[in-house]
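The chains referred to below are lettered A, B, ... by the order of the sequence lines, with proteins before strands, and numbering in each begins at 1. Just so you know, these numbers use all the heavy atoms, side chains as well, and skip hydrogens, waters and symmetry mates.
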Amino acid sequence: MSQKVTDIYNELQWRQLVYQSTSDRMGSWLLERPRTVYAGFDPTSDSLHVGHLLPLLMLRRFQKAGHRPIALVGGATGSIGDPSGKSQERNLQSLDQIEANVVAIRRQMSELLDFTSSDHSALGPALLVNNYDWISQFSYLDFLRDVGKNVPVNVMISKDSVKNRLENPDVGISYTEFSYMLLQAYDFVHLNRTYGCELQLGGSDQWGNVTAGIDLARRMAGAEVFGMTCPLLTKSDGTKMGKTEGGALWLDGKKTSPYHFYQYWRNVADEDASKCLRFLTELSQEEVEHLDRCRQTEPERAASQIRLAEWLTELIHGAAALNLVRQATEIFFGGEIGKFESDDDLNQIFAEVPSSRLAASRLAEGLAIADALVEAKLTKSKGEARRVVVEGGAYVNNRRIESETHQITTADLSSPTMIVLRRGKKNYALLRVVE
RNA sequence: GGGGGGAUACCAAAGUGGCCAACUGGGACAGACUGUAAAUCUGUUGUCUUCGGACUUCGCAGGUUCGAAUCCUGCUCCCCCCA
């Protein structure tokens, strides 16, 4: 059981994760003794996504350094909607929905933080709290008398998150969203009183909310507490990291498959790779710098991206899932698909590839390639299918079909009942033979 | 209320009796190149086909004609100007 703290501030600095800090002696303060730190997460969906990863990993780093992290899910604040970074008023979610989201998020967090053992910190395991538990206890009147009295409105309206909305007469801001900051600020006070929490972490867009909490803690409790923000994870083109065509990149394997999760990181632009390695992995400084050099000398090997993708996939989905993803990647971007003894392996590798049923009798008498493509729904019509074949874009088991009149037979089965069809570079479909 | 213009394929936009399954651009899809990148280049882009062609499509419904996206009548919707 290690009770000592390691120099996390130094680590955060070389990772360039310190954006703003309320104290210039943060480093030594963190070395004095284990501290309790918290970061908040809004339960806006039933899964965390890549946008949550950075602060979550921050908490993980603090835990590994000997501090005690508190992950706060905003069952109360999330029901209000944070105006920070939002140009428009948000729709309120139902409390039932939020409750369900909290349950799901809690499960995901327990994969990254240790909520059970005291191995990491003398202060004990990580904590998971829901601010709905204490904020819902307040009556409106109590809240105004105890909390609101300590908050000057002129300070609130000078915060960027509020100011931006006030200056835009078209959208404005509701009293509800305006109050968000107050609730979040009170969270810090509550956590300080209840758990001795002294530091709030957040993305740089949370600076206003963080400092609001610090001010409130001083006024209400006379407590000196601290705040620190990390940079936002953005791409070099200015857009958000973790955005896919289908929306967010989720941590839930059912919403974003491990394969797609892996591929996202595998395809990170060179310019963004170093930032991702520093922000999102726990690789050593030596290794990160080594990968930086490799990217200069032999970018085509994509060593950084592969390391990043493997590290994150293993962290989020586990070693077994990573292994399958590796196999799938090899096949999807590699050569031919050989014969598989059983359907199981192919099934797992092509788990998310759409499949269609095909009567065994049709295969026995030979199936024209164009018909097969239509059956597999890879093309909308036979005309389109023929065109694809002529263009050289049709593949059976990753072997290109040269002839428009090619027939598919039982000899093309890759496993006892499956044939792998492909249109173009990576549009796969399975044909499953049924009696 | 009066006057004018328009509706064409996924989107934009030509076509104003046969040469129109319909110019062109974008998108999309394939291919080449490449680092599973970006850019670039090439091709394809209604359905079916025994590859000869057949069939459906230019807002909707009728009509004229040997023949209509194109002309006529009615209907629906959209835009602009004036009041």
Side-chain angles (χ1 to χ4, degrees), chain A residues 50 233-246 249 256-277 280 290-313 321-337 349-354 362 365-407 420-429:
Chain A
V50 166
L233 186 61
T234 53
K235 292 196 282 191
S236 52
D237 62 8
T239 58
K240 260 188 196 165
M241 185 67 78
K243 276 279 180 193
T244 66
E245 296 145 38
L249 195 67
T256 298
S257 70
Y259 175 76
H260 282 295
F261 184 83
Y262 177 95
Q263 284 298 324
Y264 182 87
W265 301 112
R266 171 64 183 76
N267 286 317
V268 160
D270 287 352
E271 307 81 72
D272 298 324
S274 184
K275 186 191 266 189
C276 287
L277 287 169
L280 299 175
H290 171 70
L291 286 168
D292 284 346
R293 284 192 300 275
C294 289
R295 213 170 42 253
Q296 296 297 319
T297 54
E298 40 183 15
E300 68 279 3
R301 294 190 57 181
S304 297
Q305 284 89 340
I306 291 171
R307 192 77 178 89
L308 173 70
E310 298 207 333
W311 196 91
L312 276 173
T313 305
L322 172 61
N323 204 31
L324 274 174
V325 167
R326 278 210 192 100
Q327 280 187 57
T329 297
E330 199 172 310
I331 285 183
F332 278 70
F333 294 96
E336 293 185 8
I337 298 167
I349 291 166
F350 290 95
E352 60 204 280
V353 163
R362 295 191 60 188
E365 61 201 32
L367 183 66
I369 178 66
D371 289 318
L373 290 171
V374 174
E375 284 295 334
K377 300 186 182 67
L378 281 174
T379 57
K380 288 199 291 287
S381 67
K382 285 180 80 169
E384 187 184 351
R386 260 187 288 272
R387 198 163 59 234
V388 165
V389 177
V390 171
E391 289 168 343
Y395 303 78
V396 175
N397 301 329
N398 272 357
R399 272 195 314 277
R400 178 178 283 176
I401 298 304
E402 308 288 349
S403 160
E404 212 187 321
T405 56
H406 184 90
Q407 300 267 315
V420 181
L421 295 177
R422 176 180 138 206
R423 190 201 79 221
K425 282 207 166 44
K426 42 189 137 180
N427 301 294
Y428 282 85

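With rounding to the nearest 0.5 angstrom, the CD atom of Glu310(A) is 10.0 Å from the CG atom of Asn323(A). Atom CG of residue Leu277(A) and atom CG of residue Leu291(A) lie 5.5 Å apart, to the nearest 0.5 angstrom. A distance of 10.5 Å separates CG of Leu322(A) from CD of Gln327(A), quoted to the nearest 0.5 Å. Taking NE2 of His406(A) as the reference point, atom CZ of Arg400(A) lies at 14.0 Å (rounded to 0.5 Å). Between Leu233(A) atom CG and Cys276(A) atom SG the span is 5.5 Å, to the nearest 0.5 Å.
No side-chain heavy atom of Tyr264(A) sits less than 4.5 Å from a side-chain heavy atom of Leu312(A). In this structure the side chain of Arg386(A) never reaches within 4.5 angstrom of the side chain of Ile369(A), judged on heavy atoms.
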Task: Candidate pair Trp265(A) and Met241(A), rule side-chain contact (heavy atoms from CB on, under 4.5 Å), full reasoning - done: CA-CA 10 Å; Trp265(A) 301 112; Met241(A) 185 67 78; 4.2 Å; yes
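Shortest non-hydrogen contact noted between Leu421(A) and Ala372(A) is CD1-O, 3.5 Å. Across every non-hydrogen atom of Lys382(A) and Ala370(A), the tightest pair is O-CB, 4.4 Å. The heavy-atom pair separating Thr313(A) from Pro258(A) by the smallest distance is CG2-O, 4.4 Å.
Atom CD of Glu298(A) is separated from atom C1' of A37(B) by 17 Å (rounded to the nearest Å). The distance between atom CZ of Arg422(A) and atom C1' of A30(B), rounded to the nearest whole Å, is 12 Å. When the C1' atom of U44(B) is taken as reference, atom CG of Leu373(A) falls 15 Å away, rounded to whole Å. Whole-Å rounding puts the Ile306(A) CD1 to U36(B) C1' distance at 9 Å. Straight-line distance from the CG atom of Asn427(A) to the C1' atom of C29(B): 9 Å, rounded to whole Å. Regarding Lys426(A), its NZ atom lies at a distance of 13 Å from the C1' atom of U34(B), rounded to whole Å. Residue Glu310(A) contributes atom CD, which lies 14 Å from atom C1' of U36(B) at whole-angstrom precision. Atom-to-atom, CZ of Arg295(A) to P of A38(B) comes out at 17 Å; the value is rounded to the nearest Å.
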Open item on the list: Walk along nucleotides 46-51 of chain B from 5' to 3' and tag each nucleotide B, S or - by protein heavy-atom contact under 4.0 Å, base first, then sugar-phosphate.
Closed with: -SSB--
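Rounded to whole Å, the separation between the C1' atoms of G63(B) and U45(B) comes to 35 Å. Atom C1' of G15(B) sits at a distance of 14 Å from the matching atom of A21(B), rounded to the whole Å. One P atom belongs to C23(B), the other to G1(B), and the distance between them is 42 Å to the nearest Å. The P atoms of G4(B) and C58(B) are separated by 28 Å, rounded to the nearest whole Å. Using atom C1' as the reference point in both C60(B) and U76(B), the two lie 7 Å apart (nearest Å). A distance of about 45 Å separates the C1' atoms of C81(B) and C55(B), rounded to the whole Å. Between G26(B) and G17(B), the two C1' atoms lie 31 Å apart (nearest whole Å). Distance check on atom C1': A13(B) versus C75(B) gives 27 Å, rounded to whole Å.
Both Glu300(A) and Ala394(A) lie near RNA chain B, and the one whose nearest nucleotide falls closer to the 5' end is Ala394(A).
With hydrogens and angles ignored, the 3.5 Å screen pairs a side-chain donor or acceptor of Arg422(A) with a backbone N or O of Gly424(A). In this structure a side-chain-to-backbone donor-acceptor pair under 3.5 Å is missing from Arg387(A) to Val390(A). In terms of modelled atom types and a separation under 3.5 Å, the side chain of Arg423(A) and the main chain of Thr379(A) share no donor-acceptor contact. Checking side-chain atoms of Asn398(A) against main-chain N and O of Ile331(A) turns up a donor-acceptor pair under 3.5 Å.
A donor-acceptor pair shorter than 3.5 Å cannot be found between the side chains of Tyr395(A) and Asn427(A).
Base orientation at G26(B) is anti, since its O4'-C1' glycosidic dihedral falls outside 90° of 0.
The side chain of Arg423(A) places no N or O atom within less than 4.0 Å of a non-bridging phosphate oxygen (OP1 or OP2) of C29(B). Put simply, Tyr395(A) has a side-chain N or O that comes within less than 4.0 Å of OP1 or OP2 on G31(B).
Residues meeting the side chain to side chain contact (heavy atoms under 4.5 Å, CB included) test with Thr234(A), sequence neighbours left out: Leu232(A), Lys275(A).
For the segment residues 257-275 of chain A, the set of residues with a heavy atom within less than 4.0 Å of an atom of RNA chain B comprises Gln263(A), Arg266(A), Asn267(A), Asp270(A), in numerical order.
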Polar atom pairs (N or O), protein with nucleotides 52-54 of chain B, under 3.5 Å:
none

What are the atom names and distances for every N/O pair under 3.5 Å that joins the protein to nucleotides 40-43 of chain B?
from	atom 1	to	atom 2	distance (Å)
G43(B)	N2	Glu391(A)	OE2	3.0

Task: Pair pattern of RNA chain B in dot-bracket, where unpaired bases get dots and | marks partners in another strand, Watson-Crick or G-U under 3.5 angstrom - done: ((((((((.[[[..)..(.....]]]((((((.......))))))(((....)))...[[[[[..)....]]]]]))))))).
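Heavy-atom contacts from other residues, nucleotides or ligands closer than 6.0 Å to NE2 of His290(A) number 12 or fewer.
Residue contacts shown for Arg301(A) are absent, as no nucleic acid heavy atom lies under 4.0 Å away.
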